[in-house]
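Here is the structure we will look at.
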Amino acid sequence: MVIESKIPKEAEIPPTDFVIVGGTGDLALRKIFPALFHRFLDGQIPESCALIAAARNAIPKTEFLAQLRRFCEEVITQDNEADWDVFADRIQIIAFNVRTGEGASDIEEACVETRAVPRVFYFAISPALFADACQTLERTGLKTDQTRLVVEKPMGHDLKSAEALDDSILEVFEERQIYRIDHYLGKETVQNLMALRFANSIFESLWSNAHIDHVQISVAEEVGVESRESYYDEFGALRDMVQNHLLQLLCLVAMEPPSKFVADQVRDEKLRVLRALSPITHDNFDSNVKLGQYEKGSVQATHVPSYTDEVGRPTGTETFAALRCEISNWRWSGVPFYLRTGKRLASRASEIVVTFKRPPHNIFQNGARGSEVMEPNRLVIRLQPDEGLKLCMTSKEPGPGGMRLFPASLNLSFNETFKTRLPEAYERLLMDVARGNQTLFMRSDEVEAAWAFIDPIVNEAKKRKPEKYTAGSWGPVSSFELMAVHGHRWIEPEVHG
Ligand code: BG6
């Protein structure tokens, strides 16, 4: 069945001014403005919204648009070329110094006159500038009661620095005004995970240690460090990916149902999961954490250099991390959650695989072909690419010839089922900011609880050397052992195809 999808009425946003601070930088060009363009094409952005790129060194608008167009090109067609012109025309480039406040009056002038219209300030700048930028917004009067602030990771590099960063933001803004982005929460299938769990009854009764054997969450990337060596070499996979994206995914799988789908209730439940994670410390680190670093190899038939060649010096930073986590509560006690993420792996694939317990007794052991290799039921939630859900089951092969069992699956591919382009995470998140909906954004206590779990792991990791793995593989050998000793194995994306 193919379902035609249209933007529902309630998705329209109220008039809102968007001020992207650092608006001519990489994040703004690659993600933020293209996201706004997509929403503009769908008619979601009212005409009265100001779209402002505020930057210390404002480049000429023609240059900015030429750069931006490259990231929007794939959706510009002969039919909508005029829309691009209208969108481009609406963007204003304003020189703004976040330290001195120079240029603030130009921003004020460019914003919609009434101060009742929400103003979104999106900090696409280094977190080192956040404190000054907040103070500047206050001092210059740009901050109104209706101002919303969007900030991106890295939100600190450990618990202490995250607290300090938060304190500096909270000096100026109230929590209700702060939108901390974890773009994984804006991904379609991640939201669908909540629909799957909380809009259906069949899974909830199975969703615990009574029926689930283990959960694995993989976020595999083909890319290397790209042009971010200095950031990445300081952060590594644990702080770049696990502290935020993977722990957020874990929370969504493991959280209790909130009584309402509203921001603070959802965030309260996620926080409870983070606080229930069993600590990984010196004593249990080696049996629960495996780290790797890629050597040269071939990813999708392209030769790529080693990590150390990419950063230009020997370094002990991990580009791969696999963890075995436990959640100490009634629902999940005894169910391992395996997390793994890495760069330069065999393919780009992010998946959550929930493996159910095997049937308590195999009645097919006498003669049914295939019964000896009966796989447990698995629910595969595919985040990217090819978003979808798959329920793996054992079925009878049709036709005569006795009972023959084979692995079958119920498949819901979003691309095939819904005749529509799936929006990028930033599109959804930006519209949520405009609507004042914080459900898919992190609260400060969540960020801090995640650091409290990760800090001791990072401290132990620093004392060890990551194991080498060949670029284009699925990571270091030890990551397979992490599961094998418990009778489990990673389910690679191809295997359940
Ligand atoms: C970012 C990390 O948060 O997420 C990057 O800093 C990573 O290192 C990226 O490549 C992955 O995001 P996505 O949406 O491409 O899976």
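Nothing here was measured: the structure is a model prediction, and the numbers come from that model.
In this structure, the separation between OG on Ser350 and CD1 on Ile217 is 11.0 Å, given to the nearest 0.5 Å. From Ile32, atom CD1 reaches atom CZ of Phe18 across 11.0 Å, with rounding to the nearest 0.5 Å.
Checked against a 6.0 Å centroid threshold, the rings of Trp474 and Phe480 do not count as neighbours. Ring pair Phe37/Phe33: centre-to-centre distance not below 6.0 Å. If you look at His486 and His214, their ring centroids are not closer than 6.0 Å.
The existence of a salt bridge linking Glu256 and Arg197 is excluded, since no basic side-chain nitrogen approaches an acidic carboxylate oxygen closer than 4.0 Å. Salt bridge annotation for Asp158-Lys160: absent, with no cationic side-chain nitrogen under 4.0 angstrom from a carboxylate oxygen. In summary, Asp132 and Arg139 do not engage in a salt bridge, as defined by a charged side-chain N under 4.0 Å from a carboxylate O. A salt bridge is absent between Arg358 and Asp213: the closest approach of a Lys/Arg side-chain nitrogen to an acidic carboxylate oxygen does not fall below 4.0 angstrom. Salt bridge annotation for Glu446-Lys270: present, with a cationic side-chain nitrogen under 4.0 angstrom from a carboxylate oxygen. Taking the charged nitrogens against the carboxylate oxygens, Arg348 and Glu222 have no contact shorter than 4.0 Å, which rules out a salt bridge. Between Asp432 and Arg428, at least one side-chain N (NZ, or NE/NH1/NH2) sits under 4.0 Å from a carboxylate O, which counts as a salt bridge. A salt bridge does not link Glu448 with Arg443: none of the charged nitrogens is closer than 4.0 Å to a carboxylate oxygen. Electrostatic pairing of Arg275 and Glu269 does not count as a salt bridge here, judged by no charged N lying under 4.0 Å from a carboxylate O. Remark: Glu326 does not engage Arg331 in a salt bridge, criterion side-chain N to carboxylate O under 4.0 Å.
For Arg56, the CZ atom sits in a loose shell: 12 or fewer heavy atoms of surrounding residues, nucleotides or ligands are nearer than 6.0 Å.
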- Task: May I have the step-by-step check of ring-ring contact (aromatic ring centres under 6.0 Å, His included) for Phe123 and Phe130, ending in yes or no?
- Result: CA-CA 7 Å; Phe123 282 0; Phe130 285 3; 5.5 Å; yes

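Under the 3.5 Å distance criterion, the side-chain polar atoms of Gln177 are matched with a main-chain donor or acceptor of Glu174. Arg180 places no side-chain N or O within 3.5 Å of a backbone atom of Val151 that could act as its donor or acceptor partner. Judged by distance alone, with hydrogens and angles left aside, the side-chain atoms of Thr319 form a donor-acceptor pair with the main-chain N or O of Tyr294 at under 3.5 Å. Panel note: side chain Trp207, backbone Ile202; no donor-acceptor pair is recorded below 3.5 Å. At distances below 3.5 Å, at least one donor-acceptor pair connects side-chain atoms of Asn209 with backbone N or O atoms of Trp330. In this structure a side-chain-to-backbone donor-acceptor pair under 3.5 Å is missing from Lys187 to Leu383. Side-chain atoms of Gln438 come within 3.5 Å of backbone N or O of Glu175 as a donor-acceptor pair. Arg340 places no side-chain N or O within donor-acceptor distance of the main-chain N or O of Gly475, the cut-off being under 3.5 Å.
In this pair, Tyr426 and His183 present their aromatic rings parallel. The plane angle is below 30°, not in the 30 to 60° band.
Here Glu460 pairs with His282, Phe285, Lys463, Arg464 under the side-chain contact (heavy atoms from CB on, under 4.5 Å) rule; sequence neighbours left out. Scanning for salt bridge (charged side-chain N to carboxylate O under 4.0 Å, His left out) contacts around Asp26 gives Arg30, with sequence neighbours left out. The salt bridge (charged side-chain N to carboxylate O under 4.0 Å, His left out) test applied to Glu171 returns no partner, not counting sequence neighbours.
Closest non-hydrogen pair, Asn200 versus Ala195, comes out as ND2-O, 3.3 Å.
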